[in-house]
Amino acid sequence: MAESTQDQEFIVTEALGKTEHFIVQNKKSLTIIFGALLLAVGGYFFYQMVYVSGKEKEAQSLLFHAESYLNSDSLKLAINGDGNNPGLEEIADQYGVSPSGNLARYYLGMAYLKLKDYDKAIEALRSFDAKDQVTGALVYGALGDAYSEKKEMDEAISYYEKAVSENPNNFTTPIMMMKLAIAYETKSDYNGAKEVYSRLKKEYPTSSEGVQADKFIARAEGMLSK
């Protein structure tokens, strides 16, 4: 049986009364909770708008000098600084909360990779927070390179696979697929390599890597027949 209008009004009134009673009984606790929420929200906005924003301005200015050294292949100066300007290590450490400080981690990882200090390259690259899929693919690829140089091929393959699946495109993906296939070959997994080469031929036939895929497929098949 449907409730009458009076019954509905009574239920609403009773609910409101209970709510009001609860508020009165717990006024002190609710005030503390509400104040804590306001403080948390306010603190977050202060952190983002004032602290992080301020750090970003400083980091941008400092990163300029490190980038210049990096572009001229003065890798140790880029990493450690020149005595007047901090290097990527310090910028990443002191300004890591800012976008430019985060970017310094990526640059740092690539600099260490060029210097063949693979452990430090891995540490820096894994601490980098990729903000987009394109950058993510490049970072995964660089991590794959570092592990490949360390002859840790299972780790290398894992990162190359991530690089291949991250934002598939005609530019980076064929390159990452080649690296993945070569990593499989290094492990003497020629079936795995052939499968990747075949995918490369099918999915990216016009890329420079895809154009050469038949040659690589034949090489893998030749190794399988031995």
Side-chain angles (χ1 to χ4, degrees), residues 59 63 66-81 86-197 199-200 204 207-209 212 216 219-220:
L63 190 60
E67 285 175 326
S68 297
Y69 286 125
L70 196 62
N71 291 333
S72 62
D73 274 340
S74 301
L75 301 178
K76 291 186 178 179
L77 286 173
I79 291 169
N80 300 312
L88 296 169
E89 281 276 17
E90 185 175 340
I91 296 169
D93 182 58
Q94 297 296 319
Y95 301 91
V97 296
S98 70
S100 292
N102 182 48
L103 182 59
R105 294 190 184 110
Y106 174 70
Y107 288 155
L108 184 62
M110 298 306 291
Y112 277 129
L113 193 58
K114 284 187 175 183
L115 288 172
K116 300 184 180 182
D117 192 336
Y118 303 118
D119 288 326
K120 286 187 176 180
I122 289 167
E123 182 182 359
L125 290 168
R126 290 183 68 174
S127 69
F128 173 71
D129 181 15
K131 301 298 183 182
D132 60 82
Q133 292 177 315
V134 174
T135 308
L138 295 175
V139 172
Y140 287 141
L143 281 163
D145 292 344
Y147 280 111
S148 180
E149 293 291 347
K150 283 166 60 70
K151 308 302 180 187
E152 297 179 20
M153 300 315 297
D154 287 336
E155 286 290 339
I157 287 169
S158 174
Y159 279 107
Y160 286 142
E161 285 176 339
K162 290 178 181 179
V164 167
S165 61
E166 188 86 353
N167 185 42
N169 62 82
N170 293 319
F171 176 62
T172 61
T173 308
I175 296 170
M176 299 304 170
M177 291 179 82
M178 278 296 299
K179 291 186 176 190
L180 174 60
I182 291 169
Y184 275 124
E185 287 197 54
T186 303
K187 276 192 68 179
S188 299
D189 184 350
Y190 299 108
N191 274 317
K194 180 184 173 183
E195 183 178 323
V196 177
Y197 289 136
R199 276 186 59 200
L200 179 57
Y204 301 95
S207 67
S208 59
E209 294 80 12
Q212 302 178 70
F216 300 126
R219 183 175 70 189

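Everything numeric here is computed off the predicted structure, so don't read it as measured data.
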Identify the two heavy atoms, one from [X] and one from [Y], that lie closest to each other, and give their separation to 0.1 Å.
X	Y	answer
Tyr147	Ala156	CB-N, 3.7 Å
Ala59	Gly101	CB-N, 4.1 Å
Ala66	Ala78	O-CB, 3.7 Å
Gly136	Glu166	C-CG, 4.2 Å
Tyr204	Asn169	CE2-O, 3.4 Å
Ala104	Ala92	CB-N, 4.0 Å

Do [X] and [Y] have side-chain heavy atoms sitting under 4.5 Å apart?
X	Y	value
Leu115	Lys120	no
Asp73	Lys114	yes
Asn170	Ser207	no
Tyr112	Glu89	yes
Arg199	Val164	yes
Tyr95	Leu63	no

Please step through side-chain contact (heavy atoms from CB on, under 4.5 Å) for the pair Arg219 and Phe216, ending with a clear verdict.
CA-CA 5 Å; Arg219 183 175 70 189; Phe216 300 126; 3.7 Å; yes
Enter the distance from [X]:[atom1] to [Y]:[atom2] here, rounded to the nearest 0.5 Å.
X	Y	atom1	atom2	value
Asp145	Tyr118	CG	OH	9.0 Å
Asp117	Leu75	CG	CG	11.5 Å
Met177	Thr173	CE	OG1	8.0 Å

Do Lys162 and Tyr159 form a cation-pi contact, if we require the NZ or CZ to be under 6.0 Å from the six-membered ring centre and within 45 degrees of the ring's axis?
yes
Any chance the side chains of Ser74 and Ser72 put a donor and an acceptor closer than 3.5 Å?
yes
Using a distance-only test with no angle check, is there a side-chain donor-acceptor pair under 3.5 angstrom linking Glu67 and Tyr107?
yes
Salt-bridge contact Asp129-Arg105 (side-chain N to carboxylate O under 4.0 Å):
no
Tell me, with the steps shown, if Met176 and Leu180 meet side-chain contact (heavy atoms from CB on, under 4.5 Å).
CA-CA 6 Å; Met176 299 304 170; Leu180 174 60; over 6 Å; no
